[in-house]
Structure formats: C-alpha cells, structure tokens
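Here the structure is laid out as structure tokens; the discussion comes afterwards.
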Amino acid sequence: GDSEGDSGGETYTVATDNNFVPFEFMNEETGEMEGFDIDLIKAIADEAGFNIEIESMKFDGVVAGMQSGRYDIGIAGMTITEERKETIDFSDPYYDAGLMLAVSADNDEIQSEDDLAGKKVGTRSGTTSETYIRENHPDAELITFPGIVEAYMDLESGRLDAVMYDVPNVQYYVANDSEGLKTAGDILQGEQYGIAFPKDSELVSDVNEALQTLIDNGTYDDIYEEWFGE
Ligand code: GLN
C-alpha cells in the first residue's frame, strides 16, 4: 500500500475496493488509487490527525478484512446493513445510494425489475445486489462475478441480459466507461454507505467527528463536486 500524508500521528491501514467507479479505482497512469472515497478518507485522516496506508482488494475481501480485524478502516462504497452491523461497526452514513439496472441500449424488453424472470442477471458476489436478486427475483438466472466490471463486459458482449448494481456506479459506468449500455427503471432499494471498522473500534467516534467537520466546512461538498459534478 501507499502511505498518505504525515501528520505525526498513528498510521492506520485502510482497506478499499480495487474497482468501484467513481468511489475507488486504479489510475493506470499514476499507479495510485483514486476516487471519492479515497479523497474522503484522506481528508478525514488529515482532519483527525492520523496517517493512512491504503490497500486495495476485491470487495468481499474488504468485508472479511473488517470482520477479522485485519485492517483498521474500510472504505469501499459499503452499504450499511443490519446483517453487516452484527460483525462490523460503521461510521455515520456518508453517501445516499441504491440499486439500479443496466441493459443494452437496444433492449426494449427489460424496462424495469418486473421484466427479469428467465433473464440472465449479473452482479458482484457478496454485495447487497446479490442479496436483493436472491430475495426478490428467484425466477431470474443470477450470475455473480468477483468484479463488477466483468459483469458489465458480459452485458456489453450479450452474454447477460441485465446487470444490477449500485446507482452511482451504474450511472457512472454507463456514462463514462461503456458504449451501448443504458440504465433501466427506477432506484430499487435505498441504501447508505458507511465507513467500516472492526467491531468496537475506538476509531469510530474520531472518524464521525472528522466527517461532520468536513461536512460543516464545505470540504465534503468540494470532494462531491469533483466526482459527481454538482
Ligand atoms: N454497496 C455494495 C455493497 O455494499 C457494493 C459496493 C462495492 O462494490 N464496492 O454490497
């Protein structure tokens, strides 16, 4: 991992997802992780007076790493769920998200989640979308991938009929990284992202305090604007 900043304080390890645009992804030119979550956790570390070392991995590795206490902090567009709260602590919510479908731009058959029966629907394993499809669409053919980009690529090549994933990721990917895809239907499930910690971490309150300061002093809005343009 790469060390960020030097405030003279403690250094904590931060686990992040290796590819979840625009929250965290590898900038191939610089070889560094960047994105909304990366800027946010750097600003939180500066504000709270600690150093961070960022390590990127598959999303399910972030969840497991928090449960085992292998990393001090996890930031990965991780949805706060009752189930995860049994084994992981979360900060206050820092981003409102939800789930959405992507389909091929010329697909008029799938207009909403009501049209998924018998269709090949891809998503990423260990995520809220996987749970949502299992619980709400047992008649769809669910196909899971370790990385969401692999699912989008199979959608582009016609091996899948739809992909379900987080709204900001679907919208960003459709607008910037793909050709021939569109979103379909409405937001399916309201979700909120939280920064993750091993259970009973003493860092939770420091991070919440720093997060609130960044919201109050406009830093959060500056970071939001940089990645979401509003
Ligand atoms: N928000 C989703 C979840 O928590 C997936 C996040 C991601 O792929 N990084 O399950």
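Just follow the structure's listing: the first ligand is 1, and inside any ligand the first atom is 1. Just so you know, residue 1 is the first one in the sequence shown, and it goes up from there. Bear in mind the structure is a predicted one, so any value in this text is a computation, not a measurement.
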**Study point:** Distance from atom 1 (N) of ligand 1 to nearest protein heavy atom, with residue and atom
**Key:** Asp166 OD2, 2.6 Å
Check your understanding: Can you find a side-chain donor-acceptor pair between Glu32 and Asn27 that sits under 3.5 Å?
Key -> no
Point to revise | Connected via hydrophobic side-chain network under 4.5 Å: Phe50 and Tyr94 | key: yes
Exercise for review: Say whether Tyr132 and Glu113, considering side chains only, have a donor N or O and an acceptor N or O under 3.5 Å apart.
Suggested key: yes
Check your understanding: Any side-chain heavy-atom pair from Tyr193 and Ser91 closer than 4.5 angstrom?
Key -> no
Review point. Does a donor on one side chain and an acceptor on the other come within less than 3.5 Å for Thr128 and Glu191?
Key: yes
Check your understanding: For ligand 1, which atoms, with element, lie under 4.0 Å from some heavy atom of Asp17?
Key -> 7 (C), 8 (O), 9 (N)
Exercise for review: Decide whether Gln212 and Asn208 meet the rule of one side-chain donor and one side-chain acceptor closer than 3.5 Å.
Suggested key: no
Review point. Got an N/O contact under 3.5 Å between Tyr193 and ligand 1?
Key: no
Exercise for review: Would you indicate which of Arg84, Lys58, Glu24, Glu130 comes nearest to atom 3 (C) of ligand 1 when only heavy atoms are counted?
Suggested key: Arg84
Revision key, fill the gap. For Ala76, the ligand 1 atoms with a heavy-atom partner under 4.0 Å come out as 6 (C), 7 (C), 9 (N)
**Study point:** Check: Gly77 N/O within less than 3.5 Å of ligand 1 N/O
**Key:** yes
Exercise for review: Could you list the atoms of ligand 1 found under 4.0 angstrom from a heavy atom of Tyr165?
Suggested key: 5 (C), 6 (C), 7 (C), 8 (O)
Practice item. Enumerate the atoms of ligand 1 whose separation from the nearest heavy atom of Met78 is less than 4.0 angstrom. Key: 4 (O)
